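No experiment lies behind these values; they were computed from the predicted model shown. Just so we're on the same page: letters track the sequence lines, and every chain starts at 1.
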2 protein chains.
Amino acid sequence: MGTTQLESVPEPKYWHLKTVLTEALDSEFSVGQVLPNERDLAARFGVARATLRQALEQLELEGRLQRRRGVGTTVAPPRMGVAVDSEQYAWPGAPGDAWQPVDCTSAVPSAAVAGLLGIDRDTRVFTVRRSRVTHGQPVAAELLHIPDASVPELSAIDAPSGAARARAVLRELQRLPIEGREQAVELGSAGAEDARELDRLPGSPVLVVTTRFCAEGRTAAVSVATYRADTCRLTFGASGGVEIHHEPGARAS
Amino acid sequence: MGTTQLESVPEPKYWHLKTVLTEALDSEFSVGQVLPNERDLAARFGVARATLRQALEQLELEGRLQRRRGVGTTVAPPRMGVAVDSEQYAWPGAPGDAWQPVDCTSAVPSAAVAGLLGIDRDTRVFTVRRSRVTHGQPVAAELLHIPDASVPELSAIDAPSGAARARAVLRELQRLPIEGREQAVELGSAGAEDARELDRLPGSPVLVVTTRFCAEGRTAAVSVATYRADTCRLTFGASGGVEIHHEPGARAS
DNA sequence: CAGTGGTCTAGACCACTCT
DNA sequence: GAGTGGTCTAGACCACTGT
């Protein structure tokens with residue numbers, strides 16, 4: 001007698017919800033449109049609000065939705081392509097790069113950064129904070145760590161902070177002959193400071209791009225940049241920058 | 001009389017929990033060690049299980065923890081560096097690349113892929129499925145889309161599926177002179193099929209790497225590869241591959 | 001089978017944004 | 001102040017892994 005194994009793999013409700021919502025977004029909504037609020041949506045689908053939220057969270061992760069506290073949930077535009085390696089042989093701060101210096105401090109680096117720089121844990125480095133804005137929207141926040149040895153002319157000069165100071169450090173960096181660099185991309189979550197700068201809540205998913213700049217046979221600087229994962233698609237090796245685009249994430253089951 | 005604005009920004013419990021757990025992981029746990037189960041942990045911290053889970057989810061996102069249903073939560077090893085552009089001027093399937101062909105089918109592409117390939121929505125393409133394994137662990141699943149025009153010798157031959165077929169298509173592709181390629185990285189969530197192949201649950205976060213291969217002035221192939229975001233750090237421009245490493249994600253508040 | 005993480009519920013209150 | 005998303009609770013049951 002066959003126990004026919006009905007529904008051998010019952011699909012979770014939130015997963016099914018996500019599918020339904022994705023189709024609705026594709027066919028019935030346009031970019032910028034606001035969705036009904038979470039309580040109404042949950043009622044409409046006959047699920048608890050927490051379950052509905054689980055679906056919305058994934059859609060936000062995939063860049064389909066944008067949620068803002070006190071405002072509502074809107075349909076997100078397609079992710080923007082952000083060139084990450086357009087200046088293969090240029091220092092940060094070279095003319096025309098997409099970053100804007102914000103501040104500069106001098107302090108001992110974290111153990112991780114010290115390791116990348118190949119210096120002792122208690123050697124001071126310049127830390128330049130920069131931000132990257134595209135289409136009027138903040139897309140990334142960066143901490144650029146530069147050992148004193150890379151900018152010897154500056155090691156003993158005046159006030160070691162402020163945007164002007166940041167520009168001075170970057171200007172000094174240009175004098176070194178750049179030899180190469182390597183990058184890594186991984187998933188992270190925004191810390192409090194980055195979150196504020198990116199206009200997101202702490203813990204939001206970010207793409208962390210770590211870049212090691214090489215000159216004179218050693219590591220001359222290390223950049224740790226956090227990009228908003230919801231709105232950005234990082235491009236590598238593209239000339240123009242905005243060539244690849246397609247819907248990411250969940251492929252049909 | 002001063003309403004002194006105590007706790008002007010009360011930190012969410014799960015955020016504080018995450019901080020505490022992170023410190024505990026750094027100091028008191030070693031890789032592979034299993035944590036107490038979620039109910040016990042929640043009780044120990046005096047929070048609901050859902051709240052504890054919110055903290056664990058973020059730590060898993062950051063690659064600090066690994067959770068497996070029916071087994072438990074363990075301390076994850078540092079993310080492995082995975083070279084994504086080591087073969088800048090080689091086709092997929094060239095000797096020594098890290099991928100293993102699994103299958104090959106012939107079908108019409110999705111609208112997104114058709115757009116990247118610059119072909120009509122109803123033109124059939126070869127779709128080669130490949131998987132990438134590092135240190136005995138699956139790290140990525142790929143769909144490689146190749147228009148018939150890129151492998152003209154094969155367009156009218158026998159059974160269009162199977163791993164042998166996949167190898168034949170890749171072999172044929174090598175004959176084209178490769179001209180360049182561009183890549184993009186974005187966040188996505190694993191579909192059912194990729195999830196199975198990556199040994200994760202559907203919806204798990206993945207890094208989607210889209211690559212456009214150019215030859216003879218057009219797009220000769222498009223690859224969409226999904227990497228496990230929890231275990232992988234994608235490296236670009238590195239010679240060896242395993243040079244950059246540091247703790248990602250949440251920077252101190 | 002016992003124990004684990006995964007899903008789901010029906011509430012409650014809070015922080016924020018707009019009007 | 002009204003309405004939104006964000007956090008949190010205390011339960012329940014399910015799916016999976018091991019023994």
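- Protein atom CG of L41(A) is 8 Å distant from nucleotide atom P of dG5(D), rounded to whole Å.
- Remark: D97(A) does not engage R132(A) in a salt bridge, criterion side-chain N to carboxylate O under 4.0 Å.
- The two residues P77(B) and Q66(B) have their closest heavy-atom pair at CD-OE1, 4.3 Å.
- At a cut-off of 3.5 angstrom, counting only N and O atoms as typed in the model, there is no donor on one side facing an acceptor on the other between the side-chain of R39(B) and the base of dG11(D).
- Rounded to a whole Å, the NZ atom of K13(A) is 18 Å from the P atom of dA12(D).
- A salt bridge between R129(A) and D194(A) is present, with a side-chain N of the basic residue lying under 4.0 Å from a carboxylate O of the acidic one.
- In this structure, W15(B) places its CH2 atom 12 Å from P of dC8(D), rounding to the nearest Å.
- For the pair A76(A) and G63(A), the tightest heavy-atom approach, listed with the atom from each and the gap, is CB-O, 3.4 Å.
- Under the 3.5 Å distance criterion, the side-chain polar atoms of R228(A) are matched with a main-chain donor or acceptor of L198(A).
- The side-chain contact (heavy atoms from CB on, under 4.5 Å) test with V185(B) is passed by exactly one of T235(A), V84(A), V185(A): V185(A).
- Rounded to an integer number of Å, the gap from R200(B) CZ to dG5(C) C1' is 12 Å.
- Contact check of residues 65-75 of chain B against DNA chain C (heavy atom, cut-off under 4.0 Å) returns R67(B), R68(B), R69(B), G70(B), V71(B), G72(B), T73(B).
- Spacing between atom OH of Y14(B) and atom C1' of dC14(C) amounts to 13 Å, rounded to whole angstrom units.
- Here salt bridge (charged side-chain N to carboxylate O under 4.0 Å, His left out) pairs that include residues 40-50 of chain B, with residues two or more places apart or in two chains, are E38(B)-R49(B).
- Atom CG of D199(A) sits in a sparse spot, with 12 or fewer heavy atoms from other residues, nucleotides or ligands closer than 6.0 Å.
- At most 12 non-hydrogen atoms from other residues, nucleotides or ligands lie less than 6.0 angstrom from CD of Q100(B).
- Look at N37(A) and you won't find any side-chain N or O under 4.0 angstrom from OP1 or OP2 of dG3(D).
- The stretch residues 48-59 of chain B comes close to DNA chain D through A48(B), R49(B), A50(B), T51(B), Q54(B), each having a heavy atom under 4.0 Å from the strand.
- Toward the 5′ end of DNA chain C lies the nearest nucleotide of P36(B), the other residue of the pair P36(B) and G46(A) mapping further downstream.
- Atoms CD (E38(A)) and P (dT9(C)) sit 14 Å apart, rounded to a whole Å.
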